[in-house]
Every structure is written in structure tokens, then in C-alpha cells.
Amino acid sequence: MKQIHDNLQSASPTEIRGEPAALPAGPTTGPLTPEELQLSARNHSMPLEALRRDVTPPGLHYVLTHFDIPDIDPASWHLRISGAVERALELSMAALRKDPAITVPVTLECAGNGRSLLTPRPMSQPWVMEGVGTAHWTGVPLAYLLGKAGVLENAVEVVFTGADAGVQGGVPHHYARSLPIREALRADVVLAYKMNGTELPPQHGYPLRLVVPGWYGMASVKWLQSIEVVTAPFAGYQQRVAYRFQDSADDAGTPVSRIRVRSLMVPPGVPDFFTRKRILAPGPVLLQGRAWSGEGAVTRVEVGIDGTWLPAQLDKPAGGFAWRKWTLPWVADPGVHELSCRATDATGATQPLEQNWNYQGLGNNMVQRVSVTVE
Ligand SMILES: Nc1nc2c(c(=O)[nH]1)N[C@H]1C(S)=C(S)[C@@H](COP(=O)(O)O)O[C@H]1N2
Ligand SMILES: [Mo]
């Protein structure tokens with residue numbers, strides 16, 4: 001196992017032997033492919049009814065895993081901190097649990113959320129709109145450990161590498177991402193070993209993961225095994241090729257970082273099993289949902305009823321980067337209605353009515369529309 005990892009770690013794209021790995025085709029308008037179905041069965045979203053809860057239980061929180069979920073023995077596992085530091089560190093789980101801990105409520109959202117609603121549709125995990133969840137993450141502040149190691153003056157980024165490996169875009173690699181030094185030193189960036197007060201589940205990064213509040217999920221590296229302080233920008237696959245806003249395959253694009261403002265609602269009434277269209281009895285109903293943004297606090301949520309926007313009531317947020325509950329009382333009258341919700345954040349950014357297209361289908365935050373038959 002270690003040998004395979006070491007080979008992957010040092011392999012460059014030109015060293016791939018044998019059959020080249022299948023690359024996904026470009027964006028398509030065709031029916032969902034078996035490969036997309038396979039990905040969407042492995043990587044599940046959060047059922048929208050879970051928006052009723054402030055904190056998402058692990059089994060309802062969305063999951064996105066590029067390769068396989070590693071099976072890590074916490075007794076032999078170590079976290080290595082190295083690179084442009086005064087003292088390299090090697091820490092066991094037992095040692096990390098003795099360090100000071102913080103708990104941070106964080107809304108995580110996959111950068112590809114909403115991808116399957118795009119036309120043409122980029123070929124990857126075909127999220128609809130529920131690739132999101134909010135958990136309380138407990139662990140050691142990253143800044144505390146970087147302080148212990150002593151970051152050198154010439155450091156520019158910190159690279160986080162997971163234990164999971166595979167091939168993406170024809171390139172063998174461990175899942176790895178970097179953060180600029182100033183983000184890595186934020187007080188709320190955490191190396192978490194607990195989710196909602198209990199041990200991290202295997203699919204969420206056991207025994208240790210990074211959580212970067214406010215950033216799209218790709219930054220929060222799971223199954224963390226090493227942290228390297230570097231003096232030049234990291235050029236790993238998940239940094240330089242994946243997670244970029246691009247117009248086309250050959251556009252260098254710009255990196256994806258913080259979560260764009262978004263809101264979702266709990267679809268009212270009951271669903272039709274197959275279509276999931278909503279059926280609701282006439283009369284008063286409390287519409288509710290959650291809104292979040294990684295750019296600044298959510299300042300406004302409006303609910304659209306057949307195209308008329310009404311201001312929703314906002315509850316107190318649970319934290320700087322945790323979603324905020326909104327409610328709006330509505331009296332449903334018989335007929336077919338279209339409900340929607342739209343949030344605005346402190347930067348003035350508002351959710352678009354139509355999605356701006358990009359090549360990898362990232363950063364989608366267009367308003368959700370729910371069709372309801374009142375009868
Ligand atoms: N090691 C590792 N970390 C990872 C990933 C991965 O595939 N491997 N996926 C990333 C992506 S794209 C997202 S959206 C989040 C999902 O976190 P969750 O599965 O705990 O919700 O984990 C991120 N961290
Ligand atoms: Mo993601």
C-alpha cells in the first residue's frame with residue numbers, strides 16, 4: 001500500500017504506463033450517462049427536508065469523494081507537518097487530542113452543486129441542488145499547529161494532502177489542495193476529528209480532516225496525512241486543473257474559492273414519489289429554508305410566489321459561516337404555484353435567476369424553483 005502511494009506521489013502525467021485513463025467527454029446535452037449515475041450513487045446529497053435542522057446529521061450531510069474512502073488505522077496514522085517551517089512535526093491522533101480544541105459550525109457546499117441543471121451539462125458528479133450540509137466540526141486550530149512548527153518568512157501557501165489516491169484527468173495523484181498563508185492562519189480553520197460531537201465518520205475524513213469555513217468543499221481535505229508549508233504556489237491537479245472557472249477546455253481560468261450566496265427551501269407539502277412534485281392542502285403554511293454565503297453574512301432572503309418577491313424573516317446565524325434559517329408565512333390557494341427563494345449577502349451579491357455557465361459547472365447559485373399543486 002505504502003509503495004503504491006509513494007509511486008503515485010512521485011508520478012508525473014508522462015509516467016503513466018499502459019492504457020490512458022478514460023477522460024470524461026466535454027459538456028453534453030444527452031441523457032445521464034452510467035458514469036454519472038455511478039458517481040451520484042456514491043456521492044449523495046442532503047435531502048431538502050434536512051434544511052429544517054440547524055445541524056445536519058452525518059448520514060444526511062452531503063458526501064463528495066473523488067477516489068475510494070481510505071480505511072485508516074488511527075493507531076499507526078500520523079500527521080506530518082513539514083516544509084518551510086522551523087521545526088517539522090509528526091503527530092499521533094493521541095497527541096492531537098491533547099491539544100487545545102475548538103468547535104466551529106460550518107456550512108459546506110460542493111463547488112459543483114447545481115451542475116446537472118446546466119445546459120450543456122459538464123460531465124462530472126451530477127449534483128442537482130442539494131450538495132450542501134452544516135455540521136459542528138471539533139478539532140485543533142490549524143493556526144495553533146502552524147505556530148508550533150514556526151512558519152518561515154518566505155512561505156506562500158500550505159499544502160494539505162489526503163491519504164486517498166487515484167487518477168483524474170489522466171493524472172495519478174493523492175487528493176491535495178493548498179491555501180494561501182493568510183487563510184491558513186485564520187483562527188477558525190480547524191483540523192477536525194469530531195463531527196457533531198462524535199467521531200468523524202469514514203466518509204467524512206476519519207481520523208482527521210481540514211475544514212475551511214466559507215470556502216467551497218474542495219478546500220476541506222479529508223483523511224489528512226500531511227501538511228507542507230511551501231514557498232511557491234502549489235500546482236497539484238486539484239489546484240491547477242480542477243476547480244477553476246473556465247470558459248472552455250483551454251482557458252486557464254480563475255481559481256474557485258469562497259462559497260457564493262445561496263438559499264434553499266424545504267419543499268412544502270408532500271411529494272409525488274416518482275416526479276417529486278409537491279402536493280399541498282389549501283390554507284396557511286410556513287415556508288422555510290436556509291441561506292448562506294462564504295463571502296459575508298446573509299443580509300436578506302426574498303421568497304418568490306408566482307413571480308412576486310416577499311421579504312422573509314431571518315433567524316440569528318449560528319456562526320460566521322453557518323447557514324441562517326428563514327421563514328415566510330403563506331396562505332396557499334388552490335391551483336399550481338411556483339415558489340422560489342433568493343438570498344443577498346453583505347457584499348451586495350444576490351443569487352441569479354439564470355445560471356452563468358462555466359466549463360466545469362462550478363459556483364452555481366441560481367434560485368431554486370419549486371412547483372406546488374394546491375388541492
Ligand atoms: N482527501 C479528500 N478530501 C476531499 C475530497 C476528496 O475527494 N478527497 N473531496 C473534496 C470535496 S470536492 C468536497 S465538496 C468535500 C466534501 O466533504 P464531505 O464529503 O465531508 O461533505 O470534501 C473535499 N475533501
Ligand atoms: Mo466538491
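Residue indices begin at 1 and follow the sequence shown. Remember, it's 1-based here, ligands and their atoms both numbered in the order they're listed. Reckoned from all heavy atoms, side chains included, excluding hydrogens, waters and symmetry mates.
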Asker: Show the atoms of ligand 1 that are less than 4.0 angstrom away from any heavy atom in Thr65.
Answerer: 7 (O)
Asker: Looking only at protein heavy atoms, which one is nearest to atom 9 (N) of ligand 1, and what is the separation?
Answerer: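 Nearest protein contact, heavy atoms only, for atom 9 (N) of ligand 1 is Leu64 O, 3.3 Å.
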Asker: Can you report which non-hydrogen protein atom sits closest to atom 23 (C) of ligand 1, along with the distance?
Answerer: Gly217 O, 3.2 Å
Asker: Considering only protein heavy atoms, which is closest to atom 1 (N) of ligand 1, and at what distance to one decimal place?
Answerer: Asp164 OD1, 2.7 Å
Asker: Are His136 and Asn196 close enough that a side-chain donor and a side-chain acceptor fall under 3.5 Å?
Answerer: no
Asker: Arg209 versus ligand 1: do any nitrogen or oxygen atoms come within less than 3.5 Å of each other?
Answerer: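 Looking only at distances, the answer is yes, because the N/O contact criterion of under 3.5 Å is met.
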Asker: Within the 4.0 Å heavy-atom shell around His61, which atoms of ligand 1 are there?
Answerer: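 Counting atoms of ligand 1 from 1, those under 4.0 Å from His61 are 21 (O).
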Asker: Of all the atoms in ligand 1, which lie at a distance below 4.0 Å from a heavy atom belonging to Cys110?
Answerer: 14 (S)
Asker: Of all the heavy atoms in Tyr243, does at least one lie under 4.0 Å from an atom in ligand 1?
Answerer: yes
Asker: Could you measure the distance from the CD atom of Glu183 to the CD atom of Glu157? Nearest 0.5 Å is fine.
Answerer: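 Going from the CD atom of Glu183 to the CD atom of Glu157 covers 11.0 Å.
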Asker: Any chance the side chains of Glu36 and Gln125 put a donor and an acceptor closer than 3.5 Å?
Answerer: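 Their side chains do not contain a donor-acceptor pair, so the 3.5 Å distance test is not met.
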Asker: Identify, for atom 11 (C) of ligand 1, the protein heavy atom at the shortest distance, and state residue, atom and that distance.
Answerer: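 Result: Met218 CA, 3.7 Å.
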Asker: Any chance the rings of Trp127 and Tyr62 have centres within less than 6.0 Å?
Answerer: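 For Trp127 and Tyr62, the ring centres are under 6.0 Å apart.
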Asker: In ligand 1, which numbered atoms sit nearer than 4.0 Å to a non-hydrogen atom of Val221?
Answerer: 1 (N), 3 (N), 24 (N)
Asker: Counting only nitrogen or oxygen atoms and a 3.5 angstrom limit, does Trp223 reach ligand 1?
Answerer: no
Asker: For Ser263 and Gln351, does a side-chain donor sit closer than 3.5 Å to a side-chain acceptor?
Answerer: yes
Asker: Mind checking whether Thr344 and Val261 have side chains closer than 4.5 Å, heavy atoms only?
Answerer: no
Asker: Quick one: look at Ala219 and ligand 1, take heavy-atom pairs under 4.0 Å, and tell me if it's side chain, backbone, both or neither.
Answerer: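 Answer for Ala219: neither.
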Asker: Could you identify the single nearest non-hydrogen protein atom to atom 10 (C) of ligand 1 and state the distance to 0.1 Å?
Answerer: Tyr175 OH, 3.5 Å
Asker: Any non-hydrogen atom of Arg177 lying under 4.0 Å from ligand 1?
Answerer: no
Asker: Would Arg258 and Tyr216 count as a cation-pi pair here, with the cationic atom under 6.0 angstrom from the ring centre and within 45° of the axis?
Answerer: no
Asker: For atom 24 (N) of ligand 1, what's the nearest protein heavy-atom neighbour? Residue, atom name and distance, please.
Answerer: Ser220 O, 2.9 Å
Asker: Is it the case that the side chains of Thr134 and Thr107 hold a donor-acceptor pair, with the cut-off being a distance below 3.5 Å and no angle test?
Answerer: yes
Asker: Give the residue, atom name and distance (to 0.1 Å) of the protein heavy atom nearest atom 3 (N) of ligand 1.
Answerer: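 Looking at atom 3 (N) of ligand 1, the protein heavy atom closest to it is Lys222 N, 2.8 Å.
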Asker: Using the ring of Phe245 (Phe, Tyr or Trp, six-membered ring only), decide whether Arg260 places NZ or CZ under 6.0 Å from its centre and within 45 degrees of its axis.
Answerer: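 The answer is yes, since Arg260 meets both limits relative to Phe245.
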Asker: In plain terms, say whether Arg290 and Asp54 are close enough for a salt bridge, that is, a side-chain N and a carboxylate O under 4.0 Å apart.
Answerer: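 Result for this pair is yes, salt bridge flagged.
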Asker: Considering distance alone, does some N or O of Glu109 sit under 3.5 Å from an N or O of ligand 1?
Answerer: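 Between Glu109 and ligand 1, no N or O pair is found under 3.5 Å apart.
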Asker: Of all the non-hydrogen atoms in the protein, which one sits nearest to atom 21 (O) of ligand 1, and at what distance?
Answerer: Tyr62 O, 2.8 Å
Asker: Please determine whether side-chain hydrogen bond (donor to acceptor under 3.5 Å, both in side chains) holds for the pair Asp272 and Thr275, giving the CA-CA distance in whole Å, both sets of side-chain angles, and the decisive distance to 0.1 Å.
Answerer: CA-CA 6 Å; Asp272 169 66; Thr275 63; 2.7 Å; yes
